[in-house]
Amino acid sequence: MYKDTIKIISIIITLLTSIPSYAQELWDNTSPKREERAVWIATIGGIDWPRTKATNERSTEAQKQELRNILDRLQQANINTVLLQTRIRGSVIYPSDIETWDEAITGRAGRAPDYDPLQFAIDECHKRSMELHAWLVSIPLGTYTRQRSYGAMSVMKHHPSLCKTTRGEVFMIPGQPATADYIAGIAKEIVERYDVDGISLDYIRYPESTYAFNDDNLYDTSTGMTRAEWRRNNITRIVERVHDVVKAIKPWVKLSSSPVGKYNNLSRYRSGGWDCFNAVYQDPQAWLRQNIQDILFPMMYFIADNFYPFLYDWAENSYGHPIAAGLGIYFLDPHEGRWQLNDVRAEMYAARGSGIGGIAFYRSYHLTQNIKGIYNSVSKEFFPYPALTTRMTWMPDTIAPPTPYNLRHETGTISWQYGHPTTYGQWPFISFNIYGSNQYPVDTDKAENLLAHHIKDTDFPITGSATTKRYFAVTAIDRFGNESNALQEPSTTSTHHTYDNIMAAIDHHYNSTSTLKAKSSNTKSTRTSGKTAKQPKPSKQKKTEQKPIIIDFGKYLN
């Protein structure tokens with residue numbers, strides 16, 4: 001179907017990039033209530049975070065504050081998902097029993113900080129109602145020199161049979177079945193210890209051809225698979241193993257990956273030799289079809305014909321899962337590329353219009369630094385309201401949680417009660433969404449009415465934008481995204497009025513006042529007709545206090 005629309009899309013994109021003011025007329029940019037809005041925060045070399053190394057109490061606090069500042073900016077832009085690079089190159093940013101500390105945190109590999117960066121990041125994301133997905137670089141292990149510097153904690157040292165060095169770079173070997181167990185073991189360690197919302201596998205593929213990597217010595221022709229099929233099966237085995245291990249512990253943890261941005265050659269558009277299926281032996285569409293992945297964040301760092309046809313290919317082969325188009329906003333940086341803001345805006349309009357499910361930005365630095373105005377466009381034009389992430393309808397648990405009860409709206413706060421467990425064992429499981437409107441009942445399907453989401457408490461302070469709302473509603477939501485019916489404020493016709501009724505009351509008041517004034521004027525005019533009106537003597541005018549206009553709405557509305 002997308003093939004028949006490519007010409008039309010190309011015309012629209014041309015108009016979008018040349019006449020940006022018409023963008024909203026060409027595509028419906030209505031902000032949806034549910035949408036994946038993700039940002040990658042890269043820790044390798046501290047390119048996004050941390051710039052400060054945690055070597056003492058002062059620098060540790062500075063490092064923490066750096067992350068708080070980044071997350072504040074993302075929250076203000078209504079981002080709901082953070083992909084934090086947790087495994088870098090056979091090294092990690094949390095205290096692990098499997099791999100050593102990455103140098104990004106303290107400036108020296110193997111040196112531990114005085115705090116747990118992953119736990120801190122999770123807590124700070126959850127305070128801001130954002131999900132944190134642990135981003136794990138899967139196959140590359142960095143340079144041979146780098147791995148040797150890790151000593152006894154090097155993957156090369158304690159699992160040499162799983163590693164291969166080629167052209168100075170070390171990789172895990174996909175063809176070794178134990179590689180799947182090893183990577184799944186890291187995911188298991190994280191999920192057991194931390195309240196992460198997702199595990200995201202990056203570089204879950206064979207190395208590109210420039211590395212001349214192969215593990216063909218493990219290929220067995222008796223399997224009946226071609227060499228290409230065997231390689232794809234090796235990568236799928238890792239994805240499947242991670243799925244089986246993680247879902248057995250916490251089935252709500254979202255599993256995702258960042259495949260190459262083009263799945264395969266299309267009938268009219270070629271991939272240019274860089275695609276999932278043939279170049280690096282990934283089959284992410286099959287992973288969605290088999291439900292061993294919940295979400296995809298394809299790296300669609302392209303423009304024009306290298307982006308739009310492949311966007312619609314992803315959208316048409318999502319198998320009911322959200323796919324967040326990964327946009328390479330780093331190309332807005334003059335040091336990285338020559339993209340203009342309208343290149344990204346056009347792709348965002350196309351992604352939302354395609355129904356693909358969301359948008360992801362690589363990287364956070366370029367977004368939060370507002371390179372070429374990208375932050376302003378994202379926060380004001382595309383994400384003016386908060387959004388929930390996608391409901392996991394492909395999971396066995398699709399039952400909505402019970403509705404809260406006893407909503408009370410008092411001065412400065414609303415509160416409610418919940419008579420069911422809000423945890424799953426030790427882990428938070430139920431939270432609450434707050435909606436507000438000036439019309440009753442509150443429409444909880446509208447994104448603009450979503451004031452706050454994933455609130456852990458059973459009360460909510462009426463501050464900020466909430467102070468402009470007259471009515472409130474509350475829902476319960478679980479970790480699968482299932483949402484309860486809304487608990488609305490109690491209503492009576494004498495205390496709650498619609499906007500139309502209030503405006504009618506105002507019109508009625510002023511019409512009545514105008515009629516009375518007109519009658520009074522006519523009476524005075526009749527009394528003085530035929531007589532010479534006395535001219536008042538000049539006198540000093542007394543200052544009188546302006547009295548407020550008081551309208552008795554109840555007179556007209558009850």
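Keep in mind the model is a prediction, meaning the values are calculated, not measured. Numbering starts at 1 and runs along the sequence shown.
Counting heavy atoms of neighbouring residues, nucleotides and ligands inside a 6.0 Å radius, atom CZ of Arg51 exceeds 12 of them. The 12-atom threshold is not exceeded at CG of Asp114, counting heavy atoms of other residues, nucleotides or ligands nearer than 6.0 Å. Enclosure of atom NZ in Lys188 is not indicated, since only 12 or fewer non-hydrogen atoms of other residues, nucleotides or ligands lie within 6.0 angstrom. Heavy atoms of other residues, nucleotides or ligands lying less than 6.0 angstrom from NZ of Lys157 number 12 at most.
The only option from His366, Arg363, Gln85 that meets the side chain to side chain donor-acceptor pair (under 3.5 Å) definition with Asp48 turns out to be Arg363. Across Pro259, Ser256, Pro298, a single residue satisfies side chain to side chain contact (heavy atoms under 4.5 Å, CB included) together with Ile323, and that is Pro298.
When only modelled atom types and interatomic distance are considered, Glu36 and Thr390 share a side-chain donor-acceptor pair under 3.5 Å. Under the 3.5 Å distance criterion, with hydrogens and angles disregarded, a donor-acceptor pair is assigned to the side chains of Asp116 and Tyr194. Residues His126 and Asp197 have side chains that bring a donor and an acceptor to within less than 3.5 angstrom of each other. Trp135 and Asp202 share a donor-acceptor pair across their side chains, judged by distance under 3.5 Å alone. Side-chain atoms of Trp49 and Thr43 form no donor-acceptor pair, as typed in the model, at a separation below 3.5 Å. A donor and an acceptor atom, one from each side chain of Asn234 and Arg231, are nowhere located under 3.5 Å apart. Remark: the Thr81 side chain and the Lys254 side chain contain no N/O donor-acceptor pair separated by less than 3.5 Å. With hydrogens and angles left out, the side-chain atoms of Asn80 and Thr389 include no donor and acceptor closer than 3.5 Å. No side-chain N or O of Glu448 forms a donor-acceptor pair with one of Tyr435 less than 3.5 Å apart. For the residue pair Asn449 / Lys33, no side-chain donor-acceptor distance below 3.5 Å is found, with atom types taken as modelled.
A distance-only check finds a donor-acceptor pair linking the side chain of Gln147 to the backbone of Arg89 [under 3.5 Å]. Looking only at distances, a side-chain donor or acceptor of Thr467 sits under 3.5 Å from a matching main-chain atom of Gly464. Listed for the Asp215 side chain is a donor-acceptor partner under 3.5 Å among the backbone atoms of Gly175. Proximity of a side-chain donor or acceptor of Arg352 to a complementary backbone N or O of Gly357 within less than 3.5 Å is not detected. Listed for the Asn56 side chain is a donor-acceptor partner under 3.5 Å among the backbone atoms of Ser59. At distances below 3.5 Å, at least one donor-acceptor pair connects side-chain atoms of Thr166 with backbone N or O atoms of Tyr211. Distance alone, capped at 3.5 Å, places no donor-acceptor pair between the Glu189 side chain and the Ser96 backbone.
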Would you please test Tyr330 and Tyr362 for ring-ring contact (aromatic ring centres under 6.0 Å, His included) and show each step? CA-CA 6 Å; Tyr330 66 98; Tyr362 185 82; 5.6 Å; yes
Using side-chain hydrogen bond (donor to acceptor under 3.5 Å, both in side chains), reason through Tyr269 and Asp313 one step at a time and then give a plain yes or no. CA-CA 11 Å; Tyr269 294 87; Asp313 181 54; over 6 Å; no
Begin from the C-alpha positions of Gln76 and Ser379 and carry the test side-chain hydrogen bond (donor to acceptor under 3.5 Å, both in side chains) through to its verdict. CA-CA 7 Å; Gln76 290 159 11; Ser379 59; over 6 Å; no
Output, in order, the C-alpha distance, side-chain angles, deciding distance and verdict of side-chain hydrogen bond (donor to acceptor under 3.5 Å, both in side chains) for Asn291 and His243. CA-CA 9 Å; Asn291 285 333; His243 168 274; over 6 Å; no
Test side-chain contact (heavy atoms from CB on, under 4.5 Å) on Leu266 and Arg270; report intermediate values, then the result. CA-CA 6 Å; Leu266 305 177; Arg270 312 299 289 175; over 6 Å; no
Which is it for Glu483 and Asn433 under the side-chain hydrogen bond (donor to acceptor under 3.5 Å, both in side chains) test, yes or no, and what are the steps along the way? CA-CA 9 Å; Glu483 189 177 23; Asn433 299 329; 3.0 Å; yes
Candidate pair Asn370 and Asn376, rule side-chain contact (heavy atoms from CB on, under 4.5 Å), full reasoning: CA-CA 7 Å; Asn370 198 28; Asn376 291 342; 3.2 Å; yes
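In plain terms, the two heavy atoms of Gly90 and Tyr150 that are nearest each other are O-CE1, 3.8 Å. In terms of heavy atoms, Ile70 sits closest to Thr368 at O-CG2, 4.2 Å. Closest of all the heavy-atom pairs between Lys250 and Asp195 is NZ-CA, 4.1 Å. For Val155 against Arg87, the heavy-atom pair with the smallest separation is CG2-NH2, 4.3 Å. Of all heavy-atom pairs spanning Ile455 and Ser129, the tightest one is CD1-OG, 4.5 Å. Residues Trp40 and Leu83 share a closest heavy-atom pair of NE1-CD1, 3.3 Å.
Under 4.0 Å is where a charged nitrogen must lie from a carboxylate oxygen, and between Asp283 and Arg232 no such pair does. Salt-bridge formation is detected for the pair Lys127/Glu124: a Lys NZ or Arg NE/NH1/NH2 atom is positioned less than 4.0 Å from an Asp or Glu carboxylate oxygen. Between Asp123 and Arg128, none of the side-chain N atoms (NZ, or NE/NH1/NH2) sits under 4.0 Å from a carboxylate O, so this pair counts as no salt bridge. Between Glu169 and Arg146 there is no salt bridge, since no side-chain N of the basic residue sits under 4.0 Å from a carboxylate O of the acidic one.
One distance of note links CZ of Arg338 with CG of Asp343; it measures 13.0 Å at 0.5 Å rounding.
In this structure, Arg37 is positioned above the aromatic face of Phe383, its NZ or CZ under 6.0 Å from the six-membered ring centre and within 45° of the axis. Cation-pi check for Arg205 over Tyr203 is met; the charged atom lies under 6.0 angstrom from the ring centroid and within 45 degrees of its normal.
With sequence neighbours left out, the salt bridge (charged side-chain N to carboxylate O under 4.0 Å, His left out) criterion links Asp445 to no other residue.
At a threshold of 4.5 Å between non-hydrogen side-chain atoms, the residues Pro117 and Tyr94 do not count as touching. Contact of the Val191 side chain with the Val196 side chain is registered, since non-hydrogen atoms from C-beta on lie closer than 4.5 Å. Residues Trp314 and Lys262 fail the side-chain proximity criterion, which asks for heavy atoms closer than 4.5 Å. By the 4.5 Å heavy-atom criterion applied to side chains, Leu141 and Cys163 are counted as neighbours. Side-chain contact check for Glu381 versus Tyr349: some heavy-atom pair is nearer than 4.5 Å.
The distance between the ring centers of Tyr263 and Phe277 falls below 6.0 angstrom. Aromatic rings of Tyr206 and Phe171 (six-membered ring for Trp) have centroids beyond the 6.0 Å cut-off, not under it.
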